[in-house]
Amino acid sequence: MAWQWFHRLGSPKWFYEKTTAWMPWLLSISLLIIISVSIWALGFAPMDAKQGNSYRIMYLHVPTSIVAMAAYYVMAIAGGIGIIWKMKLSNMVMKVAAPIGAVLTALALFTGAVWGKPTWGTYWVWDARITSVLILLFLYLGVIALQEAFSDQEMADKASAILSLVGTVNIPIIYKSVDWWFTLHQPASIKMTSSSIASEMLYPLLAMIIGFYLFFTWALLSATRSEILQREIKTKWVKQALLQKA
Amino acid sequence: MPMHPVRKQRLMIVLFIVVFASVAVGLMAFALRQNINLFYPPSKLIDGEAPEGVNIRAGGCVVPGSILRSKTDLAVSFAITDGKGDVTVKYTGILPDLFSEGEAAVVNGQMQGGIFMAEQVLAKHDENYTPVEVAEAMADASAKTGTSHQASCDGMDMSGNKNY
């Protein structure tokens, strides 16, 4: 049956038990990549001819920005699945993706401002790219607020899912803003087939992006697992799982 | 196995939300497209499309050889171009480190009698990242072959096909 794996995903218990073994691996591999690539990027990658050492902020700025946008799709798709199939697990993923995405977006904005001051001469400018990323942050904060605004979890999930789905339109706008309008932010350096970054600077960046994706996966699964325990606290299997830990 | 009709209906609702929001925002962005642009390209300033005596931003490539610095104070003047027209910019203050000939800059200020009086000058970085050694090697190579590797505004796509 094609749908069998999908319906099994609907069981929080199955998901919790399945992911237990993955967690330490995901965390250690992602931290190993992030730490070793940080040393590579900060200590060994060559200095940029124009920007000097300040360009190295991109090793934090680019991965956080990319994963912040990917996290939004995770949240919105999970919200959509929650509406269509009334899947509990999917709604939990949507809920926990919001604070993680918000932190990543805030980091992207902060690192961009820190880089903007020495490069552009200003921390902030209201151009299409930066403003649309600020809207992304507000969308994440909106989902967090909606989750807290309802006493009924089902209502909260439905409202958050609708906001998430409406906000998906912002992601292509962020991505294409630098091509559609005049902005201070530069156009994309890494494209599907080519890159305008020298390879000895590019490889650590790509490795860092992989590291951040893995770390995000760990954070998302980890937060989903604690959300499962909270929402299913009255079930027998959760009590047993908690007793086993204690 | 076909989808349950109730779920199919909910799927339609979800798709409707996404499509409706996209169309609404798309139309809004289209209507506001001029306001979303951060700056006017020089050719639009010459055409008189930008208002005089109002705070606006202009952006373009700093024309090589056009930078004139005052010997007594921080006053500086330079021209910016989008390949279709030049505008002279006057500014008094410290320029950002990355400001240079053949690079893009965004200036904030007012048009007064055909001259842009800037209150702020920002350097726009391009999407290229090059190590110091490679940049020097490229400069050396062009010096040896006799082809002068000077800063230039050629090929800088400032006007592009943006929605103006």
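Letters A, B, ... mirror the listed sequences (proteins, then strands); counts begin at 1. Keep in mind that what you see is a predicted model, and the values were worked out from it rather than measured.
Looking only at heavy-atom pairs under 4.5 Å with chain B, the residue among A:I190, A:V166, A:T131, A:T168 that has the most is A:V166. Of all the listed residues (B:A21, B:P131, B:A24), the one sharing the greatest number of non-hydrogen pairs under 4.5 Å with chain A is B:P131. Across B:L15, B:I17, B:V132, B:V106, the residue that shares the most heavy-atom pairs under 4.5 angstrom with chain A is B:V132. Contact count against chain B (heavy-atom pairs under 4.5 Å) is highest for A:V169 among A:V169, A:N170, A:I162, A:L202. No other option in A:G79, A:G80, A:G116, A:P187 has as many heavy-atom pairs under 4.5 Å with chain B as A:P187. Options B:T130, B:V18, B:I94 differ in how many heavy-atom pairs under 4.5 Å they form with chain A, and the most are formed by B:T130. In terms of heavy-atom pairs under 4.5 Å with chain B, the best-connected choice from A:K117, A:M201, A:H185 is A:M201.
Annotation: residues 120-129 of chain A contacts chain B through A:W120, A:G121, A:T122, A:V125, A:W126, A:D127, A:A128 [non-hydrogen atoms, separation under 4.5 Å]. Along residues 65-76 of chain A, no residue comes nearer than 4.5 angstrom to chain B, judged on non-hydrogen atoms. Of residues 39-55 of chain A, those residues lying under 4.5 Å from chain B by any heavy-atom pair are A:P46, A:M47, A:D48, A:A49, A:K50, A:Q51, A:Y55.
The distance from atom CZ of B:R10 to atom CH2 of A:W85, rounded to the nearest 0.5 Å, is 10.0 Å. How far OG of B:S22 is from CD1 of A:I171: 11.5 Å, rounded to the nearest 0.5 Å. In this structure, B:R33 CZ and A:F182 CZ are separated by 13.0 Å, a value rounded to the nearest 0.5 Å.
Nearest approach of A:E200 to B:V134, heavy atoms of both residues: OE2-CG2, 4.4 Å. Residues A:W181 and B:I36 approach most closely at CD2-CG2, 3.4 Å, considering heavy atoms. Of all the heavy atoms in A:T119 and B:P96, the pair that sits closest is O-CB, 4.4 Å. Heavy atoms only, all atoms of each residue included: B:D97 and A:P118 are closest at CB-O, 4.4 Å.
Contacts between B:Q9 and chain A at a heavy-atom distance below 4.5 Å are absent for every atom of the residue. Neither the backbone nor the side chain of B:V6 has a heavy atom closer than 4.5 Å to any heavy atom of chain A.
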Stepwise side-chain contact (heavy atoms from CB on, under 4.5 Å) check, B:R7 with A:I84: CA-CA 5 Å; B:R7 285 175 194 151; A:I84 299 166; 4.0 Å; yes
(Q) Assess the residue pair B:V25 and A:I173 against the criterion (side-chain contact (heavy atoms from CB on, under 4.5 Å)); give the C-alpha distance rounded to whole Å, side-chain angles, the decisive distance to 0.1 Å, and a yes or no. (A) CA-CA 10 Å; B:V25 174; A:I173 290 179; 3.6 Å; yes
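Counting heavy atoms from C-beta outward, B:Y129 and A:M58 have side chains that approach closer than 4.5 Å. Using a 4.5 Å cut-off on side-chain heavy atoms (C-beta onward), A:L184 and B:K124 make contact.
A salt bridge (charged side-chain N to carboxylate O under 4.0 Å, His left out) check over residues 75-91 of chain A, counting only residues at least two apart or in different chains, returns the pairs A:K88-A:E232.
Between the side chain of A:S196 and the backbone N or O of B:E127 there is at least one donor-acceptor pair closer than 3.5 Å.
More than 12 heavy atoms of other shown residues, nucleotides or ligands fall within 6.0 angstrom of atom CD in A:Q153. Atom CZ of B:F20 sits in a sparse spot, with 12 or fewer heavy atoms from other residues, nucleotides or ligands closer than 6.0 Å. Under a cut-off of 6.0 angstrom, the local environment of CD in A:E154 is sparse, with at most 12 non-hydrogen atoms contributed by other residues, nucleotides or ligands.
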